[in-house]
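The structure appears below as structure tokens.
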Amino acid sequence: MFDCFLAQILVLVLIFFCCARIFILKNERIDSFAVFAPLALIISILIFACFGFSPLNFAVFFVALIVFFTNFRALLRLHAELVVDHYGVVFIIFSVIGIILSLGLGTILFLTRPVKYTPNDFNITKTQKTLTGKTENLKIRESLFSGERFSGNLFIYEPIIRDEINAQIFAENPVLIFAPGIRSSVQNYEPYLMLLAQKGYKVLAADFYTSDLYLLSKNSDSQVKKILLESKFLRKSAAIYEEKTRSKEFAEILEKEKPLATKKYSALTRLALELYGDETKCFYIVDGVDFDSIYAVIDEFNTEPYSNAKGFFSMNRVDEYKTSGYGFIEQTDVLFALSKGIERENKFFIPRYVANKTLEAIRNEK
């Protein structure tokens, strides 16, 4: 999440210098600063590709688009290697507007920036892999260019083992498995998941985008709309928008989502067994999932030939966790948290508290 913030700031810095050249450059010159406009626009588009749609990402893109069109003639002049001896009044006005927008949006971004953290802060490693197939035959995609269909992202958080004693202790711990709902992504839970890995647990978490899990576009006849609404770039924002504008209909979507957790956790368990061996013990972490769905997974993997499921922990048991379904937005999505009346918090108090409750539940299952 912090990487997204840095990319957004980079775009605004490029926009600022592109627009501020009306004050910086004097006399006749080649207007080379104009190249910052298309560069800012390209980066703003790549932000969508890397981090998905959000109001702030769209705002950055919108400002970059305005500045690009404002500088289009300047780019043509630059390409023709024409010398500029003055700027027009209209161009100056739009440049000033660009400066104001970049500074104003930059202030908002700074005030709502996500909390910075890295795997090294927790003494763990983070690995990201791409998934392919549907939930019943889910596997890790070997190559980006294999031509296999994109089905989701798998995140693996593991403790860094520095001695044999810890290696033996950690080897006895179950693998923790987690899958978020449609209103969030794994990254919204990362502080919590990293804290669990810090305590010696391997954590497997995944965002699923398979067609057998479609919810937002279930009744849509348009294939393009289905792909867009259920994509990693738009689904979370679309779900939050639906919840805000059509709460009754969205409540029905959430009810339909609950039993689908069985498919997700079952698929993740099979991946865990492939990665770590058939004897691997698994413990499930859920947020907003009904107990019947997770018990179905536990029954599946405690029935011959399996004996892998060790139990589960529902984050909803923790009263202090007020953002069920969204993750730890006070660290990862501060603007959305503020809209919920929750302030930015950089000490990881709630993630740490929920992690401790989770560890307590795991110990009680042993």
Side-chain angles (χ1 to χ4, degrees), residues 1-7 46 49-52 114-133 135 137-146 148-164 166-180 184-210 232-233 236 264-287 308 327-328 331-332 348 351 355 358-359 362:
M1 292 295 184
F2 197 81
D3 292 339
C4 181
F5 164 72
L6 293 179
L46 291 176
C50 295
F51 303 105
V115 175
K116 183 181 178 181
Y117 58 86
T118 67
N120 287 337
D121 295 333
F122 297 91
N123 198 34
I124 67 164
T125 61
K126 172 188 172 182
T127 305
Q128 181 176 343
K129 298 180 181 293
T130 305
L131 300 173
T132 188
T135 51
N137 59 358
L138 197 71
K139 64 178 182 178
I140 295 172
R141 190 166 68 178
E142 294 182 1
S143 170
L144 180 65
F145 306 102
S146 63
E148 295 172 299
R149 185 172 182 175
F150 171 78
S151 300
N153 289 316
L154 175 69
F155 301 87
I156 303 173
Y157 306 92
E158 298 180 286
I160 295 176
I161 300 174
R162 303 192 184 279
D163 55 68
E164 291 186 5
N166 279 334
Q168 293 175 356
I169 295 173
F170 294 168
E172 297 177 0
N173 292 334
V175 174
L176 308 185
I177 294 177
F178 174 71
S184 60
S185 66
V186 170
Q187 287 188 319
N188 292 120
Y189 293 85
E190 266 198 343
Y192 164 71
L193 300 175
M194 287 185 174
L195 284 164
L196 292 173
Q198 184 185 49
K199 297 298 183 180
Y201 291 84
K202 296 183 180 72
V203 182
L204 264 64
D207 294 315
F208 289 90
Y209 302 98
T210 59
K232 64 174 288 187
F233 312 114
K236 183 174 73 172
K264 293 191 285 187
Y265 281 89
S266 180
L268 272 177
T269 304
R270 288 192 294 272
L271 275 178
L273 299 186
E274 286 181 25
L275 290 170
Y276 303 115
D278 293 339
E279 301 301 316
T280 301
K281 302 301 179 184
C282 299
F283 187 90
Y284 305 100
I285 300 168
V286 299
D287 184 15
N308 306 95
F328 298 91
Q331 284 88 33
T332 61
F348 304 107
T358 307
L359 296 173
I362 295 170

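Just the heavy atoms: all of them, side chains too, but no hydrogens, waters or symmetry mates, feed the values below.
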What heavy-atom pair brings Pro191 and Thr332 nearest, and what distance separates the two atoms? CD-CG2, 3.9 Å
Considering all heavy atoms, the nearest Gly152-Tyr209 contact: CA-CD1, 3.7 Å
How many angstroms lie between atom OG1 of Thr130 and atom CD1 of Ile140, to the nearest 0.5 angstrom? 9.5 Å
Do Lys202 and Phe170 touch side chain to side chain, with heavy atoms closer than 4.5 Å? no
Is the backbone of Pro180 close enough, under 3.5 Å, to the side chain of Ser184 for a donor and an acceptor to pair up by distance? no
Lys232 atom NZ, neighbour heavy-atom count above 12 within 6.0 Å: yes
Heavy-atom check, side chain of Glu190 versus side chain of Tyr157, under 4.5 Å: yes
So, Arg270 side chain and Thr135 main chain: donor-acceptor pair closer than 3.5 Å or not? yes
Rounded distance (nearest 0.5 Å) linking atom CZ of Phe155 with atom CE of Met194: 10.0 Å
Does atom CD (Gln128) have a neighbourhood of more than 12 heavy atoms from anything else shown, all under 6.0 Å? yes
Just checking Lys199: does its NZ atom have more than 12 heavy atoms from other residues, nucleotides or ligands closer to it than 6.0 angstrom? no
Should Pro174 and Tyr201 count as side-chain neighbours, where that means a heavy-atom distance under 4.5 Å? yes
Would you say the side chain of Asn153 lies within less than 4.5 Å of the side chain of Leu131, judging by non-hydrogen atoms? no
When rounded to the nearest 0.5 angstrom, what is the spacing between NZ in Lys264 and CZ in Phe178? 8.5 Å
With the side chain counted from C-beta on, respond yes when Val203 and Ile285 share a heavy-atom pair under 4.5 Å apart, and no when they do not. no
Looking at every non-hydrogen atom in both residues, tell me the closest pair between Asn188 and Lys236 and how far apart they are. OD1-NZ, 3.1 Å
Mind listing the closest non-hydrogen atom pair of Asn308 and Thr280 along with its distance? ND2-O, 2.7 Å
Heavy-atom closest pair (Thr269 atom, Cys282 atom, distance to 0.1 Å) is CG2-SG, 4.0 Å
Reported CG-to-CG distance for the pair Leu154 and Leu275, which is rounded to 0.5 angstrom: 7.0 Å
For residues Thr125 and Ile156, determine if any side-chain heavy atom of one lies less than 4.5 Å from a side-chain heavy atom of the other. no
Flag side-chain contact, heavy atom, 4.5 Å: Phe122 against Leu196: no
Drop me the distance from Phe233's CZ to Cys50's SG, to the nearest 0.5 angstrom. 8.5 Å
Closest contact, heavy atoms only, Leu195 versus Pro351: CD1-C, 3.7 Å
May I ask you to decide if Val186's main-chain N or O and Asp207's side chain share a donor-acceptor pair within less than 3.5 Å? yes
Go through the steps for Leu204 and Tyr276 under the test side chain to side chain contact (heavy atoms under 4.5 Å, CB included), then give the verdict. CA-CA 11 Å; Leu204 264 64; Tyr276 303 115; 3.6 Å; yes
Between atom CG of Leu268 and atom CG of Leu176, what is the distance when rounded to the nearest 0.5 Å? 12.0 Å
For the NZ atom on Lys129, are there more than 12 heavy atoms of other groups (residues, nucleotides or ligands in this structure) within a distance under 6.0 Å? no
For the backbone of Gly133 and the side chain of Ser151, can you confirm whether one donor and one acceptor N or O come within less than 3.5 Å of each other? yes
Evaluate the ring planes of Tyr265 and Tyr284, with Trp represented by its six-membered ring, and classify them as parallel (under 30°), tilted (30 to 60°) or perpendicular (over 60°). perpendicular
With no hydrogens and no angle check, is any side-chain donor or acceptor of Asn123 less than 3.5 Å from a backbone partner on Pro159? no
Heavy-atom check, side chain of Val115 versus side chain of Phe328, under 4.5 Å: no
